[in-house]
Amino acid sequence: MMTSRLYIKLVTLVVTTFILGCSTSHEFSISDLTCESLQDPLGINTLHPRFSWKNNSNRQGASQTAYQILVADNIQKLNENEANLWNSRKIDSSASVLIDYGGKVLHSGQLLFWKVRIWDENGKESSWSKPAKTSIGLLDREDWIASYIGYPSEKRFYSSPQLRKTFSLEKVDKKGAYLLHVNSLGYHEVYMNGKKVSDDVLSPAVSQFDKRSLIVTYDVTPFLKAGNNDLVIWLGSGWYSEGLPGVVGDGPVVKAQMAYVHENTIETVLFTDASWKGRDSEYSHFNDWTWGYGGEIVTGSLEIRNRVFETPDELDWGSVLVTEIPEHQVRPQTAEPNRIRETIHAAKIERIDDNTLLVDMGTSLTGWFDITFPPLEKSQEIVMQYADHLTGEGKLPNQRQTDKYIASGSGTESFINKFNYRSFRYVKISNLKQPIQLTDIKGHLVHTDFEVASSFECSDDDMNRIHDMVAHTLRCVGLGGYLVDCSHLERLGYGGDGNASTPTAQTMFNLAPLYSNWLQAWEDVIREDGSMPHTAPNPFSAGGGPYWCGFIISASWNTYQHYGDQRILEKYYPVMQKWLGYVDRYTVDGLLKRWPNTEYRNWYLGDWATPEGVGNPDHIDERSVDLVNNCYISICFDQMKNIAGILGKTEDAKYYSEKRDQLNRIIHDTFFDGEQGLYATGSQIDMIFPMLAGATPEELREELTGTLIKRTNREYGGHLNTGLVGIPVMIEWAAVADQPDFIYSMLKKKTYPGYLYMLEQGATATWEHWNGERSRIHNCYNGVGQWFYQAIGGIRTIPGKQAYSEFLVDPQIPEGVNWAKTTQMTPYGKIVVNWELHNEKMTMEVEVPVGSTARLTLPKGTTAIHINNEVMPASNDTIRLISGKHFVEYIL
């Protein structure tokens with residue numbers, strides 16, 4: 001009988017020979033150049049940038065064997081003879097993801113241009129890529145001349161001031177670039193000569209203000225002119241609001257400075273100081289929330305509000321106030337900015353009475369409300385209240401979301417948010433005073449400008465609807481450089497919600513920059529004793545448990561797996577160890593037990609938001625809580641073993657492996673009831689988590705799986721009966737255990753509790769609770785999304801193979817699904833897996849990006865396989881597919 005190794009070699013040889021024999025000559029193209037996973041980023045947060053690109057070829061078997069990178073401080077020098085910062089020469093390597101810069105020492109504020117070319121497997125070189133650019137941010141305290149300034153408002157409400165500086169340039173030298181660095185505590189928008197210099201909104205991303213604030217850098221060269229120039233920085237409080245950590249003073253402040261950068265010269269042009277002028281804008285806010293943003297008030301017509309850009313000298317400008325801000329880290333933002341990503345027009349406008357209208361946007365969204373009114377009376381105050389659903393009586397629940405517009409009585413009367421955002425589907429507009437008609441009503445979906453990275457569609461429209469609802473929800477909660485639980489009631493980056501959704505979110509979207517920003521916040525909130533809160537940023541004592549605190553480990557590991565960023569692991573490994581030291585202090589007889597509440601952390605949950613309320617602080621089963629939390633710690637030990645191995649810390653890897661093995665033995669001995677064949681309470685998560693964590697002996701797994709399925713059908717009516725933690729645990733286990741029908745049968749239930757139940761109730765985003773309590777735009781149950789890609793789509797990672805350099809193609813097809821089309825963008829390029837059942841055949845189109853390898857798993861019952869029309873012997877071994885497009889046919 002043929003050995004597995006010999007068989008794989010034979011199959012690889014046959015497939016490769018066929019491919020190369022049939023291929024024609026096609027050149028490589030190079031695309032998607034990124035620096036620190038961002039396209040043309042200005043103001044990056046490192047002196048040691050990393051470069052990535054994607055190789056494209058429709059030639060099967062194409063591969064990169066070498067590359068050359070050029071870096072210069074002038075685009076005109078970007079050639080082999082003049083590249084003055086780095087000419088890597090030809091480097092023999094297939095690597096194209098996060099390549100370390102290896103040139104001259106860089107410095108803050110420097111502008112760089114770069115390009116790359118590669119050599120293929122035949123030694124043929126490609127054309128040079130198009131040039132890309134980046135710049136180094138202001139990384140040191142000594143880089144700043146500017147002072148923090150604000151405006152001492154006399155308004156009764158909190159103001160959104162405009163700060164102004166006029167300056168003169170003899171000429172605008174476009175050989176270089178004028179870079180404006182803005183470090184605002186609170187949100188900002190920047191206008192040069194009456195024009196907004198960027199389409200970003202609600203900048204910067206969030207941070208823990210007592211530890212860190214962020215810098216955003218703009219290239220304002222296109223907006224400058226010779227002679228007098230006018231710069232306005234418009235501020236809003238945002239997270240920099242009274243009562244939150246690190247907030248001092250009475251309003252938002254900013255420091256900014258602009259420099260002309262050309263080659264090795266950096267010349268400061270202006271900076272914030274006492275010479276600037278300020279005024280209260282027509283925007284302000286009132287505090288209708290116990291903490292945070294409050295509601296926005298807009299006063300006056302659009303024409304009145306535009307005077308600051310059209311005729312600023314006709315306005316009254318006062319003196320600004322130079323403000324002392326406590327020392328903290330001031331560093332460049334590492335995530336994309338927020339942007340308007342979609343505009344949605346109102347689906348329905350219903351008149352409640354002569355003075356009140358109810359607007360239904362037709363879908364849930366997070367972002368801005370935009371409305372133009374017909375003529376209004378002077379000083380007429382229009383009130384807009386928002387909610388993500390209606391009560392059973394058809395009314396808006398009080399979600400503390402209110403804005404106001406105070407009319408001018410002339411000009412274009414319009415309202416649009418600026419320094420706040422809303423999560424809503426319904427808007428009640430009141431105090432209209434007359435039965436007017438409103439038609440120009442829009443909602444602008446705003447989120448961090450991450451890219452959609454995947455697509456999924458199958459023959460079962462119920463599955464498509466669930467998938468699309470999850471994807472839309474993640475867009476609604478991905479704002480500000482992190483993922484929030486809900487974007488209206490709390491706006492907090494809960495680690496539990498994050499852990500539950502990270503594999504799904506990182507599959508559906510390119511979130512490498514967002515996680516870079518969010519993980520930094522987690523480092524900033526750890527306490528000296530290693531204790532972690534449940535959210536980052538951490539404004540108060542939000543609820544959660546170990547699954548929430550351990551985000552720093554699991555999210556770092558998942559980010560490495562998806563994007564290949566080893567620097568993430570290196571940076572946060574000491575933080576992970578510090579937190580596990582805290583875990584050790586509350587470990588009794590080998591098991592983690594409840595730790596105390598603190599001023600910054602509350603509750604001690606296992607699972608959360610289950611149908612029956614298991615995990616609710618008023619209804620806790622201690623057996624389940626302890627089992628769930630210790631299974632999660634076992635997962636953390638396994639992830640730490642892998643991380644330590646990657647970082648070359650052999651002794652640490654051995655230590656965490658032993659810790660996991662010891663804990664798993666204790667978990668099984670403590671929580672398994674041999675007579676009943678159950679773990680702890682026998683709930684779905686209690687049965688599944690020990691199997692996923694590796695605590696269940698191999699000989700018990702089949703029996704436990706059968707018991708799980710029987711109990712689900714008998715006691716839960718075939719429904720999901722788990723919550724925030726249980727959903728991703730169940731989904732990951734089901735993919736590993738090859739149990740697609742178990743998940744599919746539960747997802748098909750249209751009665752409570754379940755995803756189709758939400759959809760049957762009109763949901764367009766997932767809820768916080770299965771019964772719809774509180775938030776209906778929430779990052780709670782979105783962990784199900786990974787199942788569509790890992791199981792039905794069949795695209796799964798291989799342990800130890802980061803960034804999909806190798807991946808499995810193994811569709812797990814539930815009874816009732818006949819075809820699926822799945823794509824996933826990876827750091828190397830796009831994976832495509834399209835399959836279809838035809839009676840006793842299954843056909844599949846597979847596309848493997850250059851730089852990756854697929855491992856094809858044969859479905860159960862396969863009697864023969866054809867790959868690219870070549871007959872292959874059926875086997876239990878995986879078949880290696882090299883880059884390119886492949887047509888696979890299974891005879892079942």
Do Arg305 and Glu282 meet the salt-bridge criterion of a basic N to acidic O distance under 4.0 Å?
no

Heavy-atom side-chain proximity of Ser37 to Leu98 below 4.5 angstrom
yes

Do the side chains of Tyr482 and Leu511 get nearer than 4.5 Å, heavy atoms only?
no

Between Gln333 and Ala335 (side chain of the first, backbone of the second, donor and acceptor by atom type, cut-off under 3.5 Å), is there such a pair?
yes

Decide, yes or no, whether a salt bridge links Arg422 with Asp403 under the criterion of side-chain N to carboxylate O below 4.0 Å.
yes

Minimum heavy-atom distance between Ala453 and Thr507, given as atom pair plus value:
CB-O, 4.0 Å

Verify whether the ring centers belonging to Trp767 and Tyr781 lie closer than 6.0 Å.
no

Distance in Å, Leu111 CG paired with Ser135 OG, rounded so as to fall on 0.5 Å steps:
6.0 Å

Does a donor on one side chain and an acceptor on the other come within less than 3.5 Å for Ser160 and Lys418?
no

Check the side chains of Asn597 and Asn602 for a donor-acceptor pair under 3.5 angstrom, ignoring hydrogens and angles.
yes

Please walk me through it: do Tyr572 and Glu523 pass side-chain contact (heavy atoms from CB on, under 4.5 Å)?
CA-CA 7 Å; Tyr572 299 118; Glu523 181 187 39; 3.7 Å; yes

Would you say His48 has more than 12 foreign heavy atoms packed within less than 6.0 Å of its NE2?
no

State, to 0.1 Å, how close Thr402 and Phe286 come at their nearest heavy-atom pair, and which atoms those are.
O-CZ, 3.6 Å

If only atom types and distance count, is the side chain of Asp449 paired as donor or acceptor with the main-chain N or O of Asn338 below 3.5 Å?
no

Residue pair Thr334 / Glu36, side-chain donor-acceptor N/O under 3.5 Å:
no

Six-ring centre of Tyr151, Arg279 cation under 6.0 angstrom, axis tolerance 45°:
no

Side-chain contact, heavy-atom cut-off 4.5 Å: Asp32 with Gln39?
yes

Asp100/Arg567 salt bridge by N-O under 4.0 Å criterion
yes

Would you say Asp388's side chain and Arg776's backbone share a donor-acceptor pair under 3.5 angstrom?
yes

For the aromatic rings, using the six-membered ring if either is Trp, is the centroid distance between Phe551 and Trp518 under 6.0 Å?
yes

Under 3.5 Å side-chain donor-acceptor pair for Arg601 and Ser531:
yes

Any side-chain heavy-atom pair of Asn183 and Pro204 under 4.5 Å:
no

Testing the basics here: between Pro49 and Leu106, what is the closest heavy-atom pair and its distance to 0.1 Å?
CD-CD1, 3.8 Å

Charged N to carboxylate O below 4.0 Å: is that the case for Asp565 and Arg50?
yes

Give a yes or no answer on whether the side chain of Thr268 reaches the backbone of Leu270 with a donor-acceptor pair at less than 3.5 Å.
no

Using distance alone, with no hydrogens and no angle criterion, decide if Ser554 and Tyr632 have a side-chain donor and acceptor under 3.5 Å apart.
yes

Just by modelled atom types, is the Ile145 backbone N or O under 3.5 Å from a matching donor or acceptor in the Gln257 side chain?
yes

Once you measure the plane-to-plane angle for Tyr582 and Trp595, does it fall in the parallel (<30°), tilted (30-60°) or perpendicular (>60°) bin?
tilted

Determine the interplanar angle of the Tyr191 and Trp234 rings, folded into 0 to 90°, and report it as parallel if under 30°, tilted if 30 to 60°, perpendicular if over 60°.
tilted

Assess whether side-chain contact (heavy atoms from CB on, under 4.5 Å) is satisfied between Val248 and Ile325, documenting all intermediate values.
CA-CA 7 Å; Val248 298; Ile325 299 297; 3.7 Å; yes

Is the shortest side-chain heavy-atom distance between Leu138 and Pro332 below 4.5 Å?
no

Under a 3.5 Å cutoff, is there a donor and acceptor pairing between the side chains of Asn420 and Glu296?
no

Classify the side-chain pair Ser423/Thr366 by whether it contains a donor and acceptor separated by less than 3.5 Å.
yes

Any donor-acceptor N or O pair under 3.5 Å, side chains Ser184, Tyr240:
no

Would you say the side-chain atoms of Asp210 and His328 include a donor-acceptor pair closer than 3.5 Å?
no

Any non-hydrogen side-chain atom of Val330 less than 4.5 Å from a side-chain atom of Ile215?
yes

Quick one, Tyr148 and Thr272 - any side-chain contact, counting heavy atoms below 4.5 Å?
no

If you measure from the Lys or Arg side-chain nitrogens to the Asp or Glu carboxylate oxygens, is any gap between Arg774 and Glu490 under 4.0 Å?
yes

Ignoring hydrogens and geometry, is there a side-chain-to-backbone donor-acceptor pair from Ser501 to Gly783 under 3.5 Å?
no

Establish, from distance only, whether the side-chain atoms of Asn558 and Tyr515 form a donor-acceptor pair under 3.5 Å.
no

Give me the atom names and distance for the closest heavy-atom approach of Leu569 to Met576.
O-CE, 4.4 Å

Before accepting this row, confirm whether a basic side-chain N of the pair Lys133/Asp219 lies closer than 4.0 Å to the acidic partner's carboxylate O.
yes

Hey, do the aromatic rings of Trp603 and Trp608 have their centres closer than 6.0 Å?
yes

Give a yes or no answer on whether the side chain of Ser108 reaches the backbone of Leu139 with a donor-acceptor pair at less than 3.5 Å.
yes

Taking 4.0 angstrom as the limit, do Glu327 and Arg141 come out as a salt bridge?
yes

Per side-chain contact (heavy atoms from CB on, under 4.5 Å), Val575 is matched among Ile553, Ile526, Asp524, Leu519 by Ile526

When you check the side-chain N and O atoms of His188 and Ser203, is any donor under 3.5 Å from an acceptor?
no

Please examine the side chains of Gln506 and Thr559, heavy atoms only from C-beta on, and report whether any two atoms are closer than 4.5 Å.
yes

Please check if the side chain of His534 supplies one atom and the backbone of Gly496 the other of a donor-acceptor pair under 3.5 Å.
no

side-chain contact (heavy atoms from CB on, under 4.5 Å) between Leu489 and Gln399, worked out:
CA-CA 7 Å; Leu489 302 181; Gln399 294 188 328; 3.9 Å; yes

Ring-face cation of Arg491 near Tyr421 (centre distance under 6.0 Å, axis angle within 45°)
yes

Looking only at atom types and distance, does a side-chain atom of Ser241 sit under 3.5 Å from a main-chain N or O of Ser237, one as donor and one as acceptor?
no

Can you confirm if the aromatic rings of Trp239 and Phe209 lie within a centre distance of less than 6.0 Å?
no

Check the angle between the aromatic planes of Phe419 and Tyr187 and answer parallel, tilted or perpendicular using the 30° and 60° thresholds.
parallel

Thr504 and Asn782: side chain donor to acceptor below 3.5 Å
no

Any donor-acceptor N/O pair, Ser147 side chain to Val322 backbone, under 3.5 Å
no

Parallel, tilted or perpendicular, judged at 30° and 60°: which one describes the rings of Tyr178 and Tyr260?
tilted

Could you check whether Lys255 makes a cation-pi contact with Phe271, meaning its NZ or CZ is under 6.0 Å from the centre of the six-membered ring and within 45° of the ring axis?
no

Let me confirm one number: the CG-SG distance from Leu483 to Cys476, rounded to the nearest 0.5 Å.
12.0 Å

Could you give me the CA-CA distance, side-chain angles and deciding distance for Trp557 and Ile643, then say whether side-chain contact (heavy atoms from CB on, under 4.5 Å) is met?
CA-CA 7 Å; Trp557 174 245; Ile643 293 168; 3.6 Å; yes

Inspect the contact between Glu342 and Arg339 and indicate whether a charged nitrogen and a carboxylate oxygen are less than 4.0 angstrom apart.
no

